[in-house]
Amino acid sequence: MDLINNDKRRVLQAVRHWLLAVAVIVAADCLVACSVSLKFNASSIDYTKTKTIQIADFPIRSSYVWGPMASLFNNQLKDQFANHTRLIQVKRNGDLKIEGEITQYSQRNKAVTAEGHSAQAELSMTVNVRFTNNANHKEDFERQFTATSTFETTQSLSSVQEELVTQMVKDLSDQIFNATVANW
């Protein structure tokens with residue numbers, strides 16, 4: 001009887017050791033995975049070479065405009081870099097420089113009902129961005145970024161415009177941030 005109990009103890013002990021080893025491996029994998037995902041959410045700035053950023057206000061060059069659009073965009077873009085990097089924002093001679101203009105703001109029908117009436121409309125905003133990296137001019141670029149938002153035509157544009165423009169501005173700021181300093 002003691003031999004059977006000893007064998008059971010050894011088996012249980014072996015199972016416990018095996019489970020502990022599996023738990024350690026799983027925990028290690030989780031730590032590695034977490035550290036990788038954190039890297040993707042951050043900027044890839046070499047702060048030994050890059051300390052400052054110059055972000056110019058983007059004027060509106062679109063024929064159709066909404067008054068507060070430019071200030072919403074300019075503030076969001078500057079906040080994006082202030083909140084997600086350690087770069088110091090300067091008025092001139094930045095190590096990084098972002099400038100451009102809001103080139104397009106438009107509304108178009110997106111979906112039509114069976115009766116031929118507009119059911120959804122899409123609001124679109126495009127900005128042209130010129131990026132200069134004075135530490136590495138190979139990263140310089142000029143390109144356009146676009147964001148869109150859709151709304152039901154049962155709502156008036158004036159009742160949803162602020163919310164939609166705020167969403168598009170956030171999206172555009174994320175796109176510009178990723179293109180300029182996230183490098184992934």
Side-chain angles (χ1 to χ4, degrees), residues 37-45 50-134 139-184:
S37 69
L38 288 175
K39 173 74 173 149
F40 288 123
N41 291 331
S43 65
S44 60
I45 299 169
T50 307
K51 298 181 184 332
T52 61
I53 187 166
Q54 174 184 343
I55 303 174
D57 282 343
F58 281 49
I60 298 175
R61 300 278 189 254
S62 173
S63 56
Y64 178 62
V65 299
W66 179 60
M69 182 172 59
S71 61
L72 282 173
F73 175 78
N74 291 317
N75 291 333
Q76 176 64 37
L77 186 61
K78 291 173 184 176
D79 288 349
Q80 181 86 1
F81 284 87
N83 294 334
H84 298 289
T85 70
R86 296 182 309 200
L87 296 172
I88 299 165
Q89 293 187 24
V90 295
K91 297 281 186 195
R92 283 181 246 126
N93 303 321
D95 297 325
L96 302 178
K97 183 178 180 182
I98 298 174
E99 59 187 344
E101 48 280 330
I102 300 168
T103 58
Q104 182 264 331
Y105 180 67
S106 63
Q107 175 186 346
R108 69 177 183 90
N109 289 332
K110 186 170 182 183
V112 180
T113 66
E115 295 83 32
H117 301 287
S118 176
Q120 284 186 329
E122 182 178 76
L123 204 56
S124 174
M125 184 175 173
T126 301
V127 294
N128 186 60
V129 175
R130 289 177 297 283
F131 173 69
T132 306
N133 182 338
N134 289 313
E139 295 182 0
D140 295 358
F141 67 79
E142 179 171 1
R143 73 176 183 222
Q144 294 190 343
F145 297 89
T146 300
T148 60
S149 284
T150 303
F151 66 99
E152 301 298 319
T153 55
T154 55
Q155 302 171 299
S156 69
L157 176 59
S158 61
S159 69
V160 296
Q161 190 163 223
E162 183 174 0
E163 179 185 346
L164 298 179
V165 170
T166 300
Q167 290 170 8
M168 290 187 300
V169 160
K170 173 75 173 107
D171 183 17
L172 288 166
S173 296
D174 288 343
Q175 290 179 50
I176 295 165
F177 181 86
N178 289 334
T180 55
V181 298
N183 291 334
W184 54 269

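On a predicted model such as this, the values are computed, not experimentally measured, just so you know.
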message = Among residues at least two apart in sequence or on other chains, which ones pass salt bridge (Lys or Arg N to Asp or Glu O under 4.0 Å) with Glu142?
response = Arg130
request  = Given side-chain contact (heavy atoms from CB on, under 4.5 Å), test Val160 with Leu123 step by step and report yes or no.
outcome  = CA-CA 10 Å; Val160 296; Leu123 204 56; over 6 Å; no
inquiry  = Show every ring pair (Phe, Tyr, Trp, His ring centres under 6.0 Å) that has at least one partner inside residues 91-113, sequence neighbours left out.
reply    = Tyr64-Tyr105
Validation: residues 90-99 side-chain donor-acceptor distances under 3.5 Å, sequence neighbours left out:
from  : atom 1 : to    : atom 2 : distance (Å)
Asp95 : OD2    : Lys51 : N      : 2.7
Asp95 : OD2    : Thr52 : N      : 3.0
Asp95 : OD2    : Thr52 : OG1    : 3.3

query = If you look at every heavy atom in His84 and Phe177, which pair is closest and at what distance?
reply = CB-CZ, 3.7 Å
remark   = Between Pro59 and Gly100, the two heavy atoms sitting closest are CD-O, 3.2 Å
request  = Specify the closest pair of heavy atoms between Thr150 and Leu164, including all atoms of both residues, with the distance to one decimal.
outcome  = O-CD2, 4.2 Å
query = What distance do Leu87 atom CG and Phe81 atom CZ have between them, rounded to the nearest 0.5 Å?
reply = 8.0 Å
task = Can you sort out the partners of Phe58 under ring-ring contact (aromatic ring centres under 6.0 Å, His included), two or more places apart, ordered by chain and number?
result = Phe73
task = Could you tell me the separation between the OG1 atom of Thr148 and the NZ atom of Lys110, rounded to the nearest 0.5 Å?
result = 6.0 Å
message = Ser124 vs Gln104, test: side-chain contact (heavy atoms from CB on, under 4.5 Å). Steps then yes/no.
response = CA-CA 8 Å; Ser124 174; Gln104 182 264 331; 3.4 Å; yes
ask   = Of the non-hydrogen atoms in Gln120 and Thr153, which two are nearest, and what is the gap between them?
value = C-CG2, 3.8 Å
message = Give me the atom names and distance for the closest heavy-atom approach of Gln76 to Ser173.
response = CG-OG, 3.1 Å
Sequence-distant partners of Ser63, side chain to side chain contact (heavy atoms under 4.5 Å, CB included), two or more places apart = none
task = Decide whether Asp171 and Gln167 meet the rule of one side-chain donor and one side-chain acceptor closer than 3.5 Å.
result = no
key: Atom pair CD (Glu101) and OG (Ser62), whose distance is rounded to the nearest 0.5 Å   = 11.5 Å
note = Output for pair (Asn75 CG, Ile55 CD1), nearest 0.5 Å, gives 11.0 Å
message = Restricting to salt bridge (Lys or Arg N to Asp or Glu O under 4.0 Å), what partner residues turn up for Asp57, sequence neighbours left out?
response = Lys78
task = Nearest 0.5 Å please: distance from the CE atom of Met125 over to the OG1 atom of Thr103.
result = 9.0 Å
ask   = Any side-chain donor paired with an acceptor under 3.5 Å for Thr154 and Glu152?
value = no
inquiry  = If I take atom CG from residue Leu72 and atom CG from residue Leu172, how far apart are they, to the nearest 0.5 angstrom?
reply    = 12.0 Å
query = If every non-hydrogen atom of Gln175 is compared with every non-hydrogen atom of Thr146, which pair is closest and at what distance?
reply = NE2-O, 3.1 Å
inquiry  = Show, in sequence, the C-alpha distance, side-chain angles and deciding distance for Thr180 and Phe141, and conclude whether the side-chain contact (heavy atoms from CB on, under 4.5 Å) test is met.
reply    = CA-CA 9 Å; Thr180 55; Phe141 67 79; 3.8 Å; yes
